[in-house]
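Notes for the one structure printed next.
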Amino acid sequence: IDGSFAARLERHVDSRSYVRAAAHIARGLGIPVYVEAIKSEAQWQALEGLGVDGAQGYHLGRPG
């Protein structure tokens, strides 16, 4: 899921709703779901319960 939604996760319910809905659809199709551009602990915590398989971004580790 695009990082533009991650940037608003902790402040906007609509972003969390979008992530939850996209994750639900993708999981129904057997597609793993990852959120890009997690840059803060608040964004990371906001993913809890949204049904994603994981995330990537500078908060979680620098690219190799």
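Note that these values count all heavy atoms, side chains included, but never hydrogens, waters or copies made by symmetry.
Among all heavy-atom pairs drawn from G3 and A37, the shortest one is CA-CB, 3.7 Å.
Here Y34 is tied to no hydrophobic group at all, with no ILVMFWY side chain closer than 4.5 Å. The hydrophobic cluster containing I31 also includes I25, L29, under a criterion of side-chain heavy atoms closer than 4.5 Å among ILVMFWY residues, counted directly or through chains of members. Taking a 4.5 Å side-chain heavy-atom cut-off between Ile, Leu, Val, Met, Phe, Trp and Tyr, the cluster of V13 contains only that residue.
Rounding to the nearest 0.5 Å places CD of Q43 at 5.0 Å from CD1 of I38.
For residues 9-23, no residue pair satisfies the salt bridge (Lys or Arg N to Asp or Glu O under 4.0 Å) rule, not counting sequence neighbours. Note on residues 4-26: pairs passing ring-ring contact (aromatic ring centres under 6.0 Å, His included), not counting sequence neighbours, are F5-Y18.
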Side-chain donor-acceptor pairs of residues 49-59 under 3.5 Å, sequence neighbours excluded:
residue	atom	partner	partner atom	Å
D53	OD1	R27	NH2	2.6
D53	OD2	V33	N	2.7
H59	NE2	E41	OE1	2.7

